[in-house]
Amino acid sequence: MSLVLLYRLQQLDVAAAEESARRAALDDGAGLRIAVEEAESRLDGMRQEIAAGRSRVRALELELEALEAKRAKAESDLYSGRIGNPKELAALQEETHVLDRQRASLEDRLLAELERLDEMEPVAIGEERSLEETRAKLAERAAAYVEGMAAADRRIAEIAAQREALAPEIDEALLRRYERLRPGKRGVVVTTIRSGICDACHVAVPEGKVQRVLQDPDANAACDGCGRLLIAPEHLQEERPG
């Protein structure tokens, strides 16, 4: 019953192909890896911008301190009574006015920088949390991928071992024919016939050929529609390879 054995070998080949397809479709986390890299880049940009903002704030604070000291001295000179010259007094008054305008401008700039930092820092904190969550998902996905690959490899190896044990029991000429036809038949060279219909292409099989297939599992009869070898379900133990 070489055709029965060939059908079982075909089932193994189909199972191996399906397992290989599942293996190839496993998600290795490439999308999450890209998301992590993009989030890291965004966060790095935010951190640099925040650091630059803090530097600007510190520079403005120092400039404001220096201006305050300069204005305090001018005001002290103005009200000390040591200067009696009207022109000098007018010049000091004008200087304090200029310093006041400069101080107001510095305070506005400082306030704007502080407001920007107040807006940016919570966003950066949220980005950090999101990044950590994405990293955790990536770690889980990577572990699942490794586990899935190992399971698929074990399954493929098991199927290969079963095939290797089964192949020598099949007629060599029949096996060569199977290997030759398999690429053009999408992996299905042997197909069942039910109620006089080919299960592969659904073309009706002549009654005489149906009877030959029913009577002899090795009738070596081919479907007129698709050219596949026909076998009756009665001659098979219809189980997928386990």
Side-chain angles (χ1 to χ4, degrees), residues 18-157:
E18 291 174 349
E19 194 66 43
S20 293
R22 282 192 290 270
R23 184 184 188 279
L26 288 172
D27 185 357
D28 65 354
L32 285 172
R33 196 171 295 109
I34 291 172
V36 166
E37 291 172 356
E38 291 176 346
E40 287 174 341
S41 179
R42 286 195 304 273
L43 184 56
D44 185 58
M46 289 180 187
R47 286 169 173 166
Q48 290 181 22
E49 194 171 349
I50 288 171
R54 288 172 178 167
S55 295
R56 288 193 296 270
V57 165
R58 184 55 183 155
L60 287 169
E61 288 174 341
L62 291 173
E63 190 175 349
L64 191 57
E65 288 176 9
L67 189 145
E68 290 283 6
K70 187 175 182 180
R71 189 192 182 286
K73 183 179 183 308
E75 192 173 48
S76 176
D77 290 342
L78 182 63
Y79 296 109
S80 66
R82 292 182 290 101
I83 300 174
N85 188 307
K87 288 185 178 181
E88 291 184 16
L89 289 172
L92 279 174
Q93 286 179 334
E94 179 59 26
E95 183 180 356
T96 58
H97 292 157
V98 170
L99 291 172
D100 284 341
R101 290 194 294 273
Q102 291 177 347
R103 179 176 62 185
S105 176
L106 283 173
E107 287 174 343
D108 287 344
R109 289 166 60 193
L110 178 59
L111 181 60
E113 288 291 346
L114 289 171
E115 287 177 347
R116 286 184 73 249
L117 285 174
D118 286 343
E119 292 173 358
M120 290 167 56
E121 287 173 344
V123 174
I125 291 172
E127 190 70 29
E128 287 177 351
R129 289 173 180 166
S130 177
L131 175 58
E132 288 308 311
E133 290 174 0
T134 307
R135 281 174 174 163
K137 290 178 182 178
L138 175 58
E140 291 177 4
R141 187 68 52 80
Y145 176 73
V146 171
E147 183 178 344
M149 289 286 283
D153 288 342
R154 286 194 300 271
R155 177 65 178 143
I156 291 170

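The analysis underlying the following values was restricted to heavy atoms, covering all of them including side chains, and did not include hydrogens, waters or symmetry mates.
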One thing to verify: whether [Y] and [X] come together as a salt bridge, which I'm taking to mean a side-chain N less than 4.0 angstrom from a carboxylate O.
| X | Y | answer |
| --- | --- | --- |
| Arg129 | Glu132 | no |
| Glu94 | Arg101 | yes |
| Glu113 | Arg116 | yes |
| Asp44 | Arg47 | no |

**Prompt:** So Arg155 and Arg23, side-chain contact (heavy atoms from CB on, under 4.5 Å) or not? Walk me through it.
**Reply:** CA-CA 10 Å; Arg155 177 65 178 143; Arg23 184 184 188 279; over 6 Å; no
**Message:** Other residues, nucleotides and ligands only: do more than 12 of their heavy atoms fall within 6.0 Å of CD on Glu147?
**Reply:**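 Counting other residues, nucleotides and ligands, CD of Glu147 stays at 12 neighbours or fewer.
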**Request:** Taking Ser76 for its side chain and Ala72 for its backbone only, find out whether a donor-acceptor pair lies under 3.5 Å.
**Result:**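 A pair under 3.5 Å: no.
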Is there side-chain contact between [X] and [Y], with at least one heavy-atom pair below 4.5 Å?
| X | Y | value |
| --- | --- | --- |
| Tyr145 | Arg141 | no |
| Glu121 | Arg54 | yes |
| Ser105 | Arg109 | yes |

Distance (rounded to the nearest 0.5 Å) between [X] [atom1] and [Y] [atom2]:
| X | Y | atom1 | atom2 | result |
| --- | --- | --- | --- | --- |
| Leu43 | Gln48 | CG | CD | 10.0 Å |
| Asp28 | Leu138 | CG | CG | 9.5 Å |
| Leu106 | Leu62 | CG | CG | 11.0 Å |
| Arg71 | Leu67 | CZ | CG | 9.0 Å |
| Glu38 | Arg42 | CD | CZ | 6.5 Å |
| Leu99 | Leu92 | CG | CG | 10.0 Å |

**Message:** Exactly one of Glu63, Glu61, Arg56 should register a side-chain contact (heavy atoms from CB on, under 4.5 Å) with Leu110. Which one does?
**Reply:**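 Single pass found, and it is Glu61.
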**Asked** What are the two closest non-hydrogen atoms of Ala74 and Thr96, and how far apart are they?
**Response**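 In this case the closest contact between Ala74 and Thr96 is CB-CG2, 3.8 Å.
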**Request:** Grab the two heavy atoms, one from Gly148 and one from Leu26, that are nearest each other, plus how far apart they are.
**Result:**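 Shortest heavy-atom contact: C-CD1, 3.5 Å.
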**Request:** Apply side-chain contact (heavy atoms from CB on, under 4.5 Å) to the pair Met46 and Met120, showing each step before the final yes or no.
**Result:** CA-CA 7 Å; Met46 289 180 187; Met120 290 167 56; 5.7 Å; no
**Request:** Name all residues meeting the salt bridge (charged side-chain N to carboxylate O under 4.0 Å, His left out) criterion together with Glu40; count only those two or more places apart in sequence or in a different chain, and write none if there are none.
**Result:**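 Glu40: salt bridge (charged side-chain N to carboxylate O under 4.0 Å, His left out) contacts with Arg135.
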